[in-house]
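Working notes, beginning with the structure itself.
Chain identifiers are assigned alphabetically (A, B, ...) following the order of the sequence lines, protein sequences preceding nucleic acid strands; residue numbering begins at 1 within each chain.
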Number of protein chains: 2
Amino acid sequence: MTTCSQSCGVGYSYGLAATLRIISGKWKPLILYFLLDGPKRYGELKRTIQGVSAKVLIQQLKELEADCVLARTDYKEVPPRVDYALTPLGRSLAAAIVPLCTWGTENMAEMASIFAERDSLP
Amino acid sequence: MTTCSQSCGVGYSYGLAATLRIISGKWKPLILYFLLDGPKRYGELKRTIQGVSAKVLIQQLKELEADCVLARTDYKEVPPRVDYALTPLGRSLAAAIVPLCTWGTENMAEMASIFAERDSLP
DNA sequence: CTGTATCCCTTGAGATACTG
DNA sequence: CAGTATCTCAAGGGATACAG
């Protein structure tokens, strides 16, 4: 390539900034990623995404819904049944997240040793 | 596909978690992305990434360096000259971030209206 | 120019208990 | 089952001033 300025310049960074605004949140990328597998119920997400509290999970789901990347369906049953699914927009976003997962998986060993060293410090 | 469980299951989510651990930080994805353009000096980064303070920029640069995704070069000159460049590992990570930028750019219009509506609320 | 050193402060997030 | 309501808190981040 001649220069990366066209794709990496300031003007285009707003694209990245916009994306970050949506996926910033400790569990949001994980949520989007898991939903690639298909619609999931609240409890299912809670169990799958280990460590997240009910409050924070709901909160982030609501924000993602407000951002139009996922849709909540209430089946109006008793006991309650609700599920969350990616919208078409959300699906495309989740697809853009997949490379991050791939990268992490491919470099997991290297990362593990780096983390180990870093965590051993004060 | 039969099911996405193989690629989206819990086991593989550690890959995403590992990646998130590295790029979590308000400006880190932006830093990595801009460095795709080539090595950059401290002041250059500071100017390019609008809104970041000196303290936070240095802090995140150091963390990225500790994670072995970027390398700092001190030219030992006066006045001081230093630059930051992606390592091979960092370059592959930055490449995985590019789709996020692309997504944001492609959906900028839609996002803008969503944000506008959301920001108008209390 | 490239950072350091403080101080301050918002925001995200966790724990717990409770409701329809 | 699927949330809601509080309370609490640390951590990340920002402003400012200063240093080599």
Side-chain angles (χ1 to χ4, degrees), chain A residues 16-17 19-32 34-35 38-67 69-85 115 118-119 121-122, chain B residues 13 16-17 19-32 34-35 38-67 70-85 115 118-119 121-122:
Chain A
L16 183 52
T19 306
L20 292 176
R21 183 161 171 187
I22 294 176
I23 65 174
S24 71
K26 189 166 179 182
W27 310 98
K28 287 184 184 175
L30 263 344
I31 293 170
L32 292 169
F34 283 128
L35 287 180
K40 293 257 194 298
R41 299 182 58 169
Y42 170 83
E44 233 173 331
L45 285 169
K46 180 99 171 42
R47 254 175 288 115
T48 308
I49 303 179
Q50 301 172 342
V52 69
S53 70
K55 181 197 122 183
V56 173
L57 178 57
I58 274 293
Q59 184 180 297
Q60 309 219 337
L61 286 171
K62 282 187 173 169
E63 289 174 9
L64 290 171
E65 191 189 359
D67 286 338
V69 293
L70 63 79
R72 175 182 181 274
T73 305
D74 186 339
Y75 293 92
K76 311 274 186 189
E77 299 175 356
V78 290
R81 184 159 72 97
V82 165
D83 69 26
Y84 295 86
F115 289 154
R118 211 174 56 163
D119 292 345
L121 304 176
Chain B
S13 80
L16 183 50
T19 306
L20 292 176
R21 183 161 171 187
I22 294 177
I23 65 174
S24 71
K26 189 167 180 181
W27 311 97
K28 287 184 185 176
L30 264 343
I31 293 171
L32 292 169
F34 283 127
L35 287 180
K40 294 257 193 295
R41 299 183 57 170
Y42 170 83
E44 232 172 332
L45 285 170
K46 179 100 172 41
R47 255 175 287 115
T48 308
I49 303 179
Q50 301 171 339
V52 69
S53 70
K55 180 196 125 183
V56 173
L57 179 56
I58 276 292
Q59 181 180 299
Q60 310 220 337
L61 286 170
K62 283 187 174 171
E63 289 172 9
L64 290 171
E65 191 188 359
D67 286 338
L70 63 78
R72 176 181 180 276
T73 305
D74 185 340
Y75 293 93
K76 312 273 185 188
E77 299 175 354
V78 289
R81 183 161 73 97
V82 165
D83 70 26
Y84 295 87
F115 289 154
R118 212 174 56 162
D119 291 345
L121 305 176

If I take atom NZ in residue A:Lys76 and atom P in nucleotide C:dG20, what distance separates them, rounded to the nearest angstrom? 17 Å
Do the side-chain N or O atoms of A:Gln59 get closer than 4.0 angstrom to the phosphate oxygens (OP1, OP2) of D:dT4? no
Quick check on C:dG3: is either OP1 or OP2 less than 4.0 Å from any side-chain nitrogen or oxygen of B:Arg72? yes
I want to check something: taking the side chain as every heavy atom from C-beta on, are B:Ile22 and A:Phe115 in contact at a cut-off of under 4.5 Å? yes
So what does B:Glu44 hit on the nucleic acid, given a heavy-atom distance under 4.0 Å: a base, only sugar-phosphate, or nothing? nothing
Between C1' of C:dA13 and CG of A:Leu61, the distance in whole Å: 15 Å
Compare the minimum distances between each of C:dC1, C:dA13, D:dC1 and the side chain of A:Pro79, then state the nucleotide with the smallest one. D:dC1
Using a 4.0 Å heavy-atom cut-off across all strands, classify B:Lys62 as base, sugar-phosphate, or nothing. sugar-phosphate
For B:Arg47, check side chain to side chain donor-acceptor pair (under 3.5 Å) against everything at least two apart and list the hits. none
Go through C:dG3, D:dC1, D:dG14 for me and flag the one nearest to the B:Val56 side chain. D:dG14
With a 4.5 Å heavy-atom cut-off, do A:Ile31 and A:Tyr84 have their side chains touching? no
Smallest heavy-atom separation, A:Asp74 atom then A:Lys76 atom, equals OD1-N, 2.8 Å
Take atom CG of A:Asp83 and atom P of D:dA2, then tell me their distance rounded to the nearest Å. 9 Å
Among C:dG14, D:dC1, C:dT4, which nucleotide has an atom closest to any side-chain atom of B:Ala54? C:dT4
Whole-Å distance separating the NZ atom of A:Lys46 from the C1' atom of C:dG14: 11 Å
B:Arg41 CZ to B:Asp83 CG distance, which is reported to the nearest 0.5 Å: 8.0 Å
Give a yes/no on whether any side-chain N or O of B:Lys40 is located under 4.0 angstrom from OP1 or OP2 of C:dT2. no
A:Ile58 has a side chain; which of D:dG14, C:dG14, D:dT4 sits nearest to it? D:dT4
Can you see if the side chain of A:Arg41 gets near the phosphate of D:dA2 - specifically, an N or O under 4.0 Å from OP1 or OP2? yes
Distance, rounded to the nearest Å, where A:Ile31 contributes CD1 and C:dA13 contributes P: 10 Å
Side-chain donor/acceptor contact of A:Lys55 with base of D:dG3 under 3.5 Å: no
Taking only the side-chain nitrogens and oxygens of B:Lys26, find out if one of them lies under 4.0 Å from OP1 or OP2 of D:dG14. yes
Rounded to whole Å, how long is the line connecting atom CG of A:Leu45 with atom C1' of D:dC1? 13 Å
Do A:Val56 and A:Gln60 touch side chain to side chain, with heavy atoms closer than 4.5 Å? yes
Atom-to-atom span, OH of A:Tyr42 to C1' of C:dG20 - whole angstrom: 15 Å
Mapping A:Pro80 and A:Val52 to their closest nucleotides on DNA chain C, which lands nearer the 5' end? A:Val52
Just compare C:dG14, C:dG3, D:dG13 and give me whichever is closest to any side-chain atom of B:Tyr84. C:dG3
At 4.0 Å (heavy atoms only), tell me whether B:Tyr75 reaches a base, stays on the sugar-phosphate, or touches nothing. nothing
In whole angstrom, give the distance that lies between atom CZ of A:Arg21 and atom P of C:dT11. 13 Å
